[in-house]
Amino acid sequence: VLLRNSLIQMYARCGSVSDARKVFDDQALQNNIYSWAIMISIYARAGDLDEAQALFDRIPLRSAVACNTMLAKYAQIGDLERAMAIAREIEAPNLVSLNLVLSIYARSGRCEAAERLFFAMPYWTLASWTALITAFAYTGQMLKLQHFFANMPQHDIVAWNALLDAHAQNANLESAAGIFWRMPQRNLVSWTTMLAAYAQAGNILGAKALFEKMPERDSVAWNAMVGVYSRCGNLENSKRVFDEMPEQNNVSFNAMLLGYTQAGHLESASVLFERFQYAADVFSWTTMLAAFAANGYISEAKRIFDKMPHHSIVSWNSILTGYSQNGHLEHAMEGFHVMPRRNLVSWNILLSAYSLAGNVPLVRRFFEQMPEKS
RNA sequence: CACCGCGCUACCCG
């Protein structure tokens, strides 16, 4: 079985998932829990979530590792509901399972839950600490974050990067730069995080200077640079960077699409979008939706919204914004109640819808109902 | 022999 499992992995590493599967299917009764976990992980890595799920559904014994693999994959694509559903069903969660749940809490801004889980864990790895720190970063609790960072047993580069990102996201460019230049080592992630810090602060020249200083660049870095120009509507530079990058992917395409919409070229954006619709993801759809909504084309926005294959909370928020800014308070309210879940942005949008409608008592009452206030 | 933590693109305010 050992040999068999190594063979499965070897085929996968050489890029042949189907050969790996052949070994797995041949005398299938010989497969042990490792074989199943390995095969599921291969499909998950290859992005074939359906096949991974199909195997997971007929696994003879649901090991924690197999569950973790599915859980991690769903968390990675942002389906936190399904990830949590799997987490709840793990019979004997291991430390990795707990770390995964911790990072789900972090990514949904559930700090109290994260902290409670952290202290209930039998022991901690660096991943546990970093996941918790990320939770505090998400909600801007910098003091707590500093405290936990200071108390972790070691600071590896991932922990430093998480600290750097926390400062970047909380719009503190000076302190981010301070951390960046005094951290013990920097890798590609550190550089891109710092680039995002400049972008977040709207410091385009700083972003450009840092980008040129980078010792190496991957597509994440290039895409970030396209995004910097796109967000401020500098279409020429977006295009230039996009053409210069060694290879473009979906994210590059979405960043470029944003360049067109932000420059006010809705027609060109539509043409581009139609031509590459087969490759469009929820980001591309929402970019178009938000562009129409922001420019007062509310029925076109609604058409996009109805047509898109999957609605994220951001796409819901975008259509709410369209209604709110075009005087359709009723529609905004309806959407707000119908959407599967709401975040702080959703509440802010509705709050401003009430303000625009000039209904002061309602604004006041709604404000008081808000679960959190920034 | 399998699983986990940090960076890029879309929504409000900044």
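Because the structure is a prediction, the values reported are computed rather than measured. Letters A, B, ... mirror the listed sequences (proteins, then strands); counts begin at 1.
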Residues Y74(A), Q53(A); criterion side chain to side chain donor-acceptor pair (under 3.5 Å); working and verdict: CA-CA 10 Å; Y74(A) 281 118; Q53(A) 179 71 52; 2.6 Å; yes
- prompt: Under 4.0 angstrom, heavy atoms only, what part of the nucleic acid is L188(A) near: base, sugar-phosphate, or nothing?
  reply: base
task: Using atom CG of N343(A) as one end and atom C1' of A10(B) as the other, report the distance to the nearest whole Å.
output: 13 Å
task: Round to a whole Å and report the spacing from CD1 of I319(A) to C1' of C12(B).
output: 15 Å
message: Taking the ring of F305(A) and the ring of W316(A), is the distance between their centroids below 6.0 Å?
response: yes
- request: For RNA chain B, find the residues of residues 136-145 of chain A with a heavy-atom distance under 4.0 Å and give them by number; none if there aren't any.
  value: none
message: Counting only side-chain heavy atoms from C-beta out, which of C6(B), A2(B), C8(B) sits nearest to Q9(A)?
response: A2(B)
message: Determine whether a donor-acceptor pair (one donor, one acceptor, N or O, separation below 3.5 Å) exists between the side chain of N187(A) and the base of G7(B).
response: no
message: Quick check for you: among C11(B), G7(B), A10(B), whose closest atom lies nearest to any side-chain atom of I349(A)?
response: C11(B)
- line: N249(A) atom CG is separated from C8(B) atom C1', nearest whole Å, by 9 Å
- prompt: Between L102(A) and S128(A), is any pair of side-chain heavy atoms under 4.5 Å apart?
  reply: yes
- request: Tell me what L258(A) touches on the nucleic acid: a base, only sugar-phosphate, or nothing, going by heavy atoms under 4.0 Å.
  value: sugar-phosphate
statement: Ranking C6(B), C4(B), A2(B) by distance to the side chain of S41(A), first place goes to A2(B)
query: Has R107(A) got its NZ or CZ under 6.0 Å from the middle of the six-membered ring of Y138(A), at an angle within 45 degrees of the ring axis?
result: no
Residue that, paired with F136(A), satisfies ring pair (Phe, Tyr, Trp, His ring centres under 6.0 Å) out of F148(A), F149(A), Y105(A): F148(A)
query: Side chain of V96(A): nearest nucleotide among A2(B), C3(B), C11(B)?
result: C3(B)
query: Would F367(A) and W347(A) count as a close aromatic pair, with their ring centres under 6.0 Å?
result: no
query: Should T287(A) and N254(A) be marked as a side chain to side chain donor-acceptor pair (under 3.5 Å) after you check the CA-CA gap, both sets of side-chain angles, and the distance that decides it?
result: CA-CA 8 Å; T287(A) 300; N254(A) 291 336; 5.7 Å; no
Closest to side chain of V65(A), choosing from C11(B), C6(B), A2(B): A2(B)
Whole-Å distance separating the CD1 atom of I8(A) from the P atom of C1(B): 16 Å
Between C1' of C8(B) and CH2 of W222(A), the distance in whole Å: 14 Å
- prompt: Ring centres of F336(A) and F366(A) under 6.0 Å apart?
  reply: yes
is_close_aromatic(W191(A), F211(A)), centroid dist under 6.0 Å: no
- prompt: D165(A) near the nucleic acid: base, sugar-phosphate alone, or nothing, with a heavy-atom cut-off under 4.0 Å?
  reply: sugar-phosphate
- request: Measure from CZ on R45(A) to C1' on A2(B) and round the result to the nearest Å.
  value: 9 Å
message: Measuring to OP1 and OP2 of G7(B), would you say a side-chain N or O of R186(A) lies under 4.0 angstrom away?
response: no
message: So T69(A), base contact, sugar-phosphate only, or nothing? Heavy-atom distance under 4.0 Å.
response: sugar-phosphate
query: Does some side-chain heavy atom of V189(A) sit less than 4.5 Å from a side-chain heavy atom of M194(A)?
result: no
query: Which is true for T321(A) with a 4.0 Å heavy-atom rule: it touches a base, it touches only sugar-phosphate, or it touches nothing?
result: sugar-phosphate
task: Compare every heavy atom of A106(A) with every heavy atom of T134(A), then report the nearest pair and how far apart it is.
output: C-CB, 4.2 Å
Nearest to side-chain heavy atoms of V345(A), which nucleotide of C11(B), C4(B), C8(B): C11(B)
message: Between G7(B) and T193(A), counting only base atoms on the nucleotide and side-chain atoms on the residue, is there a donor-acceptor pair under 3.5 Å?
response: no
field: S312(A) side-chain proximity, nearest of A10(B), C3(B), C11(B)
entry: A10(B)
message: Within the 4.0 Å heavy-atom criterion, would you say A37(A) contacts the bases, only the backbone, or no part of the nucleic acid?
response: base
- line: Rounded to whole Å, CH2 of W129(A) lies from C1' of C4(B) at a distance of 17 Å
message: Output the rounded distance in Å from CG (N68(A)) to P (A2(B)).
response: 14 Å
- request: Please work out if T130(A) contacts a base, only the sugar-phosphate, or nothing of the nucleic acid, heavy-atom cut-off 4.0 Å.
  value: base
query: In terms of side-chain heavy atoms of V220(A), which of G5(B), C3(B), C8(B) is nearest?
result: C8(B)
message: Using a 4.0 Å heavy-atom cut-off, does D218(A) contact any base of the nucleic acid, only the sugar-phosphate backbone, or nothing at all?
response: base
- request: Just compare C12(B), G7(B), G14(B) and give me whichever is closest to any side-chain atom of Q200(A).
  value: G14(B)
Neighbour count >12 (heavy atoms, 6.0 Å) for atom CD, E91(A): no
- prompt: So which nucleotide from A10(B), C3(B), C1(B) ends up closest to the side chain of N94(A)?
  reply: C3(B)
message: Near RNA chain B, counting only heavy atoms under 4.0 Å, which residues of residues 100-128 of chain A show up?
response: L100(A), L126(A), A127(A)
